Amino acid sequence: MYKRSHTCGQLRKTNVGVTINLNGWVNSVRLHGQVVFVDLRDRYGKTQIVFDADSFSGDFEAVKKLSMEDVLSIQGAVRDRSESAVNPNMVTGEIEVAVTDYIMLNEAAPLPFVLSDRDNAEENLRLKYRYLELRMEELQKNILIRHETYQAVRSYLSGLEFVEIETPVLMKSTPEGARDYLVPSRIHQGKFYALPQSPQIYKQILMIANYDRYFQIVKCFRDEDLRADRQPEFTQIDIEMSFIDEEDIFVHMEGLTRHVFKSIRGIDLPDPFPRLTYADAMETYGSDKPDLRYGMQLQDVKDFTDASDFNVFKSAEKVKGIIIKGGAKYSRKNIDELTDFVKKYKAKGLAWMKWEKGTFIGGISKFFSENLQKAMFEKLSGNDGDILFMIGDDSSIVLNALGHLRVEIAKREALTNKDDFKPVWVTEFPMFEYDKEADRFIAMHHPFTAPRESDIEMLDSDPSNTLSRGYDLTLNGYEIAGGSIRIHSPKVQEKVFSLLGLSREEAVEKFGFLVEALTYGAPPHGGIAFGFDRLVMLLAGTENIRDVIAFPKTTSATSLMDESPNNVSANQLDELGIQIKKSKK
RNA sequence: GGGAUCGUAGUUCAGUUGGUUAGAACGCCGGCCUGUCAAGCCGGAGGUCGAGGGUUCGAGUCCCUUCGGUCCCGCCA
């Protein structure tokens, strides 16, 4: 091999005349009989190399057999291209390398798919041959953005005295939250470790242990079903601080986020970030992760529907609507599609009326008197050519369905620009959600989240309305970080456990070491965890988390490349004392 | 656990109402070609129509089951 003197993205006009060595992959071959053009590619770019039968002294017949993705090492001279031969689409397009000698480092077998465009192959094939897909420019760009994001995060936090500390990957299974991935213990047969859903307990213990400011870029594992933005193993920027309150978290995390966007994308995010309470976010946007890049806010229309002759909504707990600018163009078919869409979120239907010449037409407009229509026109600030969609039902259904409808319409109407970033903090989450099936409260965030000081007494009197000191950072409709000020009083912690239906014994059994640790001088503390993959997704401008993970899993949590999960030998199982139950089928 | 959708040559796709020998482009193989940059031109090979079952004189096409990919609901922060 000729040790490379330059990369394939490096040579320019100033290098003309120099003898150089390049190593790389054959990106494409253009054979013209007595002259062969090859685009040689490495991580850094592409360079056109030329084999000329007149001047090339080696085996020219072999050169004619070069094919895509062969690995070459070449020696040659950089030369100018004639003006008509310049390729303005390549940064190295003003020069080319006249090859004097080359070594075939590795011949590539015929490829399962052509690497020029990711659409050339279905995703299952690309995932099976992920190493080929990763050679493509688009993925390489994403992987590099990911790398830069790690570096930006580390340098920023380290500069603020945050200490990077690793926490165990083999830990104790804890009951709340997501399903754990379990790891059987060989030494203690019948017992299991769990992989962390997040290093939550460890980072709180580190605060108690005096480490003041901690961070870690860490893999977390959740055995739940996947989504386009959800993988079973994913990465968090995990952060915890002592002697602080919410404002300290907001200031530092905004600083971190601004630093990342500025250094990776050159984008200035607002200072400070706007904030919304959970209640406002739900009422105004129908989501706890609102996308603020567009309006279409949810508006209360119950007074109007109650005053109308439309009886369907009279008994509804809540009636809200959204106005779509120019939505009067929607056909019956469009509206039917959107009706089916909201039915996924348990809405029974989608009522609508179009505005035309200051009055409503179509849909349920005939149930609204002229005066009522006039009042609505003024109050709801609609315009001719708009459409009003309404849902009436239980509050949670109305908000959820309209919230999703809002996002869907923004997508259909292309209201979002992926280079526009609108962060917003969502605060004052409820402490608990009531789980009807289990007939008990479950923690909305997690069981260590502190209630607001003013709400501590409500834990006894009115737990379902207690608000927490939890907060999420939302960006363009994605939750990119979430955290809370933690409980540092053992008494409050035990109270919360009991509300979650954990007896004293169970709480001690499951979280005893943390409860105990809280009694040995726990500082007030709180923290946050960023979804690193989602953050990189947004920075890279993709909506698919697999695009920013080198070796992602499929929707059914398998890896098509290495075929995991897979069977293990009887010996391995035996050592672990594990027997596989026959499947029901 | 549920819903939607996709699966045809190495790859991306087309394939009518069920009807004779399942097509195209790219890739691959062979040939021509000294300025291309998605090179071009000529020729060739290449098919378990995801798998299994059924209906039918006849199934890529209709029905059932099943496997896999993707998106969504539930689930998950």
Side-chain angles (χ1 to χ4, degrees), chain A residues 27-39 46-56 60 64-65 67-69 81-90 92-93 96 108-129 132 176-180 197-198 200 220-232 234 236 288-289 340-346 400-401 404 408 426 429 433 435 437 442-446 449 470-474 478-484 528-531 534 543-544 546 553-556 558 560 585:
Chain A
N27 195 74
S28 56
V29 181
R30 294 177 294 278
L31 170 63
H32 287 249
Q34 298 307 301
V35 62
V36 178
F37 300 98
V38 171
D39 290 338
K46 283 183 277 192
T47 299
Q48 173 165 292
I49 62 174
V50 186
F51 295 86
D52 195 320
D54 292 341
S55 54
F56 181 69
F60 199 75
K64 288 182 174 177
K65 303 281 181 212
S67 61
M68 288 190 289
E69 301 305 310
R81 295 202 204 178
S82 71
E83 204 169 311
S84 60
V86 165
N87 184 345
N89 300 319
M90 284 169 76
T92 60
E96 63 191 11
L111 300 167
F113 53 91
V114 183
L115 268 54
S116 59
D117 185 344
R118 293 179 75 200
D119 292 334
N120 282 343
E122 278 192 350
E123 190 159 8
N124 54 357
L125 202 69
R126 304 196 318 253
L127 286 174
K128 182 173 176 190
Y129 299 98
L132 295 179
E176 296 287 315
R179 197 177 291 118
D180 282 325
Q197 300 173 24
S198 83
Q200 182 60 37
C220 301
F221 306 85
R222 290 177 189 164
D223 189 2
E224 298 291 349
D225 289 345
L226 290 81
R227 286 289 186 279
D229 64 347
R230 234 162 60 191
Q231 283 270 305
F234 61 99
Q236 286 190 345
D288 61 356
K289 43 184 184 183
D340 286 341
F341 177 83
V342 297
K343 281 181 178 168
K344 286 195 300 192
Y345 305 96
K346 299 205 176 71
N400 190 244
H404 281 96
E408 173 68 15
V426 179
F429 283 83
E433 277 175 302
D435 183 338
E437 275 175 35
I442 50 172
M444 184 119 177
H445 187 61
H446 58 57
T449 301
Y471 35 78
D472 279 356
L473 179 57
T474 288
Y478 289 94
E479 185 208 318
I480 61 161
S484 62
I528 195 165
F530 282 76
R534 281 186 197 157
E543 290 183 346
N544 187 334
R546 296 184 297 278
K553 297 207 166 33
T554 66
T555 314
S556 61
T558 66
L560 296 179
K585 294 172 203 167

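Keep in mind that what you see is a predicted model, and the values were worked out from it rather than measured. Every chain is numbered from 1, with letters handed out A, B, ... down the list of sequences.
- The side-chain ring of A/H32 is not stacked on the base of B/G35, judged by centre separation under 5.5 angstrom and plane angle under 30 degrees.
- Residues A/N124 and A/T554 have side chains not in contact (no heavy-atom distance under 4.5 Å, counting atoms from C-beta outward).
- Qualifying side-chain hydrogen bond (donor to acceptor under 3.5 Å, both in side chains) partners for A/E408, counting only residues two or more places apart in sequence or in other chains: A/R412.
- The residue A/S82 sits apart from the nucleic acid: no heavy atom pair falls under 4.0 Å.
- Taking the six-membered ring where tryptophan is involved, the planes of A/F56 and A/F51 are perpendicular, since the angle between them exceeds 60° and thus also 30°.
- In this structure, CG of A/N120 is placed 9 Å from P of B/U12, rounded to the nearest angstrom.
- Side-chain contact between A/L31 and A/K64 is present, with at least one heavy-atom pair separated by less than 4.5 Å.
- Once the 5.5 Å centre distance and the 30° plane angle are applied, the aromatic ring of A/F37 is found stacked with the base of B/U36.
- Taking atom C1' on both nucleotides, B/A22 is separated from B/A39 by 32 Å, rounded to a whole Å.
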Pairs under 3.5 Å (N/O, protein and nucleotides 4-8 of chain B):
none

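- Using Watson-Crick or G-U wobble geometry with both donor-acceptor distances under 3.5 Å, B/G40 finds its partner in B/C32.
- Note on A/R30: every side-chain N or O is 4.0 Å or more away from OP1 and OP2 of B/U36.
- Every residue two or more places apart in sequence or in another chain that forms a salt bridge (Lys or Arg N to Asp or Glu O under 4.0 Å) with A/R30 is listed here: A/D39.
- The closest side-chain heavy-atom distance from A/R534 to A/F234 is not below 4.5 Å.
- Residue A/T554 is in sugar-phosphate contact alone, with no base atom involved, counting any heavy-atom pair closer than 4.0 Å across all strands shown.
- If you check B/G47 for Watson-Crick or wobble pairing at under 3.5 angstrom, you find it has no partner at all.
- Take A/E543 and apply the salt bridge (Lys or Arg N to Asp or Glu O under 4.0 Å) test, not counting sequence neighbours, and it matches no residue.
- Here A/E69 pairs with A/R41, A/R135 under the salt bridge (Lys or Arg N to Asp or Glu O under 4.0 Å) rule; sequence neighbours left out.
- The side-chain heavy atoms of A/N87 and A/Q48, taken from C-beta on, include no pair separated by under 4.5 Å.
- Following rounding to the nearest Å, A/F51 (CZ) and B/C33 (C1') show an atom-to-atom distance of 18 Å.
- Heavy-atom distances to RNA chain B give each of A/Q48 and A/A121 a nearest nucleotide, and the one nearer the 5′ end belongs to A/A121.
- Look at the C1' atom in both B/G3 and B/A9: the space between them is 33 Å, to the nearest Å.
- Residues meeting the side-chain hydrogen bond (donor to acceptor under 3.5 Å, both in side chains) test with A/K553, sequence neighbours left out: A/E233.
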Handout entry: Test log, rule side-chain contact (heavy atoms from CB on, under 4.5 Å), inputs A/H404 and A/V342
Key = CA-CA 8 Å; A/H404 281 96; A/V342 297; over 6 Å; no

Exercise for the section: For A/H446 and A/S484, run side-chain contact (heavy atoms from CB on, under 4.5 Å): C-alpha distance rounded to whole Å, both residues' side-chain angles, the deciding distance at 0.1 Å, then the answer. Expected result: CA-CA 9 Å; A/H446 58 57; A/S484 62; 4.0 Å; yes

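- A/Q236 and A/S198 get closest at one heavy-atom pair: OE1-CB, 3.5 Å.
- Across B/C67 and B/G50, the matching C1' atoms stand 7 Å from one another, rounded to whole Å.
- One interatomic measurement links the two molecules: CD of A/E123 to P of B/U12, which rounds to 12 Å at whole-angstrom precision.
- Here the C1' atom of nucleotide B/G10 and the CZ atom of A/R126 are 17 Å apart, to the nearest Å.
- Note: OH (A/Y129) to P (B/U11) measures 9 Å, nearest angstrom.
- Under 3.5 Å, the side chain of A/R81 and the base of B/C37 form at least one donor-acceptor pair of N or O atoms.
- Pairing partner, B/C26: B/G10, with both Watson-Crick or wobble hydrogen-bond distances short of 3.5 Å.
- In this structure, the side chains of A/F429 and A/T449 stay at 4.5 Å or more apart for every pair of heavy atoms.
- Between the C1' atoms of B/C32 and B/G19, the separation comes to 43 Å (whole Å).
- Taking atom C1' on both B/C26 and B/U17, the two are 32 Å apart, rounded to the nearest angstrom.
- No side-chain heavy atom of A/L111 sits less than 4.5 Å from a side-chain heavy atom of A/Y129.
- Taking atom NZ on A/K46 and atom P on B/U36, their separation rounds to 18 Å, with Å as the unit.
- Sorted by first and then second residue, the salt bridge (Lys or Arg N to Asp or Glu O under 4.0 Å) pairs with a member in residues 108-117 of chain A form an empty list; sequence neighbours excluded.
- When heavy atoms are screened at a 4.0 angstrom cut-off, A/V86 is found touching base atoms of the nucleic acid.
- Using modelled atom types, one side-chain atom of A/N544 and one backbone atom of A/R546 make a donor-acceptor pair closer than 3.5 Å.
- Residues passing the salt bridge (Lys or Arg N to Asp or Glu O under 4.0 Å) test with A/R179 are A/E224, sequence neighbours excluded.
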Detail all sub-3.5 Å separations between protein N/O atoms and N/O atoms belonging to nucleotides 45-47 of chain B.
none

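- The distance from atom CG of A/L125 to atom P of B/A9 is 11 Å, rounded to the nearest whole Å.
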Fill in the blank from the handout: Per-nt protein contacts along nucleotides 23-31 of chain B (heavy atom under 4.0 Å; B base, S backbone sugar-phosphate only, - none) come out as ----S--S-

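- The residue A/S198 sits apart from the nucleic acid: no heavy atom pair falls under 4.0 Å.
- Annotation: B/G58 and B/A4 have their C1' atoms spaced 32 Å apart (nearest Å).
- Backbone-only contact: A/D119 has heavy atoms under 4.0 Å from sugar-phosphate atoms and none from a base.
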Practice task
Verify side-chain contact (heavy atoms from CB on, under 4.5 Å) between A/L226 and A/Q231, making sure each step is shown before the conclusion.
Solution key: CA-CA 6 Å; A/L226 290 81; A/Q231 283 270 305; 3.8 Å; yes

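- Comparing B/G52 with B/A59, their P atoms are spaced 15 Å from each other, to the whole Å.
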Under-3.5 Å N/O pairs linking protein and nucleotides 40-44 of chain B:
none

Practice task
Could you run through nucleotides 72-77 of chain B and give me one letter per nucleotide, 5' to 3': B if any protein heavy atom sits under 4.0 Å from the base, S if only the sugar-phosphate is that close, - if neither?
Solution key: SBBBBB

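- For A/N544 and B/G69, the CG to P distance is 14 Å, given to the nearest whole Å.
- Atom P of B/C73 sits at a distance of 42 Å from the matching atom of B/A25, rounded to the whole Å.
- Residue-level contact check: A/R118 touches neither bases nor backbone, having no heavy atom under 4.0 Å from any strand.
- Base pairing analysis places B/U5 opposite B/G69; the two distances defining the Watson-Crick or G-U wobble pair are each below 3.5 Å.
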